[in-house]
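Taking it in order: structure first as structure tokens, then the write-up.
Predicted model only: the values in this text are computed from it and were never measured. Heavy-atom basis, side chains included; hydrogens, waters and symmetry copies ignored.
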Amino acid sequence: MPNTILIGAQWGDEGKGKIIDVLTDRADLVVRMQGGNNAGHTVLVGKKKYVLHLIPSGILRARKKCVIGNGVVIDPVHLVGEIEGLKKLGVDVKGNLFVSETAHIVFPYHRLLDEYREASKGKNKIGTTKRGIGPAYGDKAARTGIRMVDLMDPETFSALLKQRIKANNDILSPLGAKKLSFKKVLEEYLAAAKKLKPFVTDTVHMLHEASKNNANILFEGAQGTFLDIDHGTYPYVTSSATTSGGACTGSGVAPNKIDKVVGVMKAYTTRVGEGPMPTEDDFLGDHFHNMGREYGATTGRARRCGWLDAVLTRHATMVNGINELAITNLDGLDTLPVIKVCVGYRLGNKKIDRLPNAMGALEKCKPIYTEYPGWQTSTEKCRKWSDLPLNARRYLKEIAKLSGTRLKIASIGPARSQTIEL
Ligand code: IMP
């Protein structure tokens with residue numbers, strides 16, 4: 001398999017975990033390059049369900065090397081919990097997991113700041129996962145962050161942490177937060193450091209060597225294009241580069257080593273948290289929630305649901321350079337008589353076919369829909385393209401065309417076998 005970046009083409013939760021799991025079969029290395037434990041990838045292997053937050057889902061395959069790259073923000077205590085959780089399920093990560101020395105660390109004060117900032121925004125809150133992701137990336141950009149390499153050296157770590165706890169207590173105390181104990185955080189993080197030491201390494205050189213030896217690298221994106229700090233629906237975004245460019249900066253693998261970008265999108269749209277979503281539709285939300293679908297893997301929140309928005313997915317193709325599309329959750333639409341797709345927006349008295357950037361403009365956009373006949377047949381047992389009902393095939397081809405790229409994979413259920421490759 002050529003070196004491949006896999007990213008979400010919508011607002012996250014596109015079913016990337018499952019597609020990554022399928023593609024991992026052909027990869028030697030799987031790399032996470034951004035985000036933190038705000039992400040949640042649910043993977044089904046046989047009857048076992050795994051939810052991974054920091055460790056690439058490739059870890060579930062024997063002999064696949066998994067890297068948590070420099071662009072990720074790591075909560076070390078959470079990471080230890082994830083490693084131990086996997087062990088209990090019979091997955092030993094030793095020898096297969098590599099954690100970047102230069103990845104930044106998430107601390108309890110980041111989570112507190114996340115919570116206080118959200119509360120202070122009132123009705124303009126972002127609806128974050130409260131995992132401290134924004135404040136951790138904020139510290140990285142402000143050059144006040146602490147990295148994994150620092151954590152590996154107790155003396156350096158202790159000195160840096162003391163200073164950071166003091167500075168953050170000074171900010172948080174006037175807001176009513178209980179002061180964080182330097183000693184307690186130090187003990188907790190050094191205990192995690194001991195357990196993580198065997199995994200922490202210079203992943204940039206490791207990936208470079210692997211690439212020189214023709215290893216196939218799969219980059220596992222977290223969240224989705226419209227949560228990107230630059231290209232998303234700002235300010236209702238996460239704090240990392242979720243688009244394909246982030247794979248290079250977040251791993252140290254150069255752009256000329258990338259061969260392919262696979263975009264993953266649902267056959268409809270979902271979003272968690274606040275922010276504009278032109279095609280949001282209560283009927284569709286009830287439809288999925290009544291089926292027990294569309295609840296977040298990390299926070300358990302009910303996702304907002306809407307029709308496929310091709311203005312967005314076209315934009316995603318452009319900013320990510322998507323060569324191949326994987327469309328997931330097609331089966332969610334199986335019972336519907338009519339399926340709508342947004343092909344443009346009405347903004348005031350103007351028709352537009354691209355994403356407006358001005359603050360508040362997307363909220364005012366009214367979708368212009370094209371309607372497609374449904375197939376009203378279960379697709380979950382389909383195993384090849386020709387098994388799919390004709391209207392389902394037409395719908396898939398049409399939304400790939402509207403998204404400006406080529407359909408490669410259709411997914412009709414959570415199991416590995418429910419994947420159709422074209
Ligand atoms: P944060 O990443 O926790 O700061 O949250 C910022 C926004 O990104 C919120 O709207 C979250 O709901 C959303 N978000 C973060 N991670 C995910 C994810 O993995 N899937 C979907 N939405 C996410």
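Here the side chains of I7 and T243 are not in contact, with every heavy-atom distance at 4.5 Å or above. Inter-residue side-chain proximity for W307 and Y369 is flagged as met; some heavy-atom pair is nearer than 4.5 Å. No side-chain heavy atom of I68 sits less than 4.5 Å from a side-chain heavy atom of F199. In this structure, the side chains of I258 and I5 come closer than 4.5 Å at one or more pairs of heavy atoms. When side chains are defined from C-beta on, I83 does not count as touching L86, because their heavy atoms never get closer than 4.5 Å. Side-chain contact between N168 and L113: present, with at least one pair of heavy atoms (C-beta onward) separated by less than 4.5 Å. Between V51 and H53, the closest side-chain pair of non-hydrogen atoms falls below 4.5 Å.
Counting only residues at least two apart or on different chains, the ring-ring contact (aromatic ring centres under 6.0 Å, His included) pairs with a member in residues 260-290 are Y268-F288, H289-Y295. Within the structure, every pair that satisfies the salt bridge (Lys or Arg N to Asp or Glu O under 4.0 Å) test and touches residues 124-145, not counting sequence neighbours, is listed here: K125-E274, D139-R164.
Of the possible polar contacts, one joining the E118 side chain to the I126 backbone as a donor-acceptor pair under 3.5 Å is found.
In this structure, K408 forms no cation-pi arrangement with W385, as its terminal cationic atom is not both closer than 6.0 Å to the ring centre and no more than 45° off the ring axis.
Considering every non-hydrogen atom in both R416 and T419, the closest pair reads O-OG1, 2.8 Å. Considering all non-hydrogen atoms of both residues, L6 and L23 come closest at CD1-CD1, 3.6 Å. Between L172 and Y109, the closest heavy-atom pair is CD1-CB, 4.0 Å.
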CA sep, side-chain torsions, deciding dist, call: T313, S403, side-chain hydrogen bond (donor to acceptor under 3.5 Å, both in side chains): CA-CA 5 Å; T313 55; S403 304; 2.8 Å; yes
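No more than 12 heavy atoms of other residues, nucleotides or ligands sit less than 6.0 Å from atom CZ of R394.
For the pair K16 and E220, the salt-bridge criterion is not met [side-chain N within less than 4.0 Å of a carboxylate O]. Salt bridge status for K87 with E84: absent, with no side-chain N to carboxylate O gap under 4.0 Å. D75 and R111 are joined by a salt bridge, as a carboxylate oxygen and a charged side-chain nitrogen come within less than 4.0 angstrom of each other. A salt bridge is defined here as a Lys NZ or Arg NE, NH1 or NH2 lying under 4.0 Å from an Asp or Glu carboxylate O, and R61 with D21 meets this definition. Electrostatic pairing of D387 and K384 counts as a salt bridge here, judged by a charged N lying under 4.0 Å from a carboxylate O. A salt bridge between R304 and E280 is present, with a side-chain N of the basic residue lying under 4.0 Å from a carboxylate O of the acidic one.
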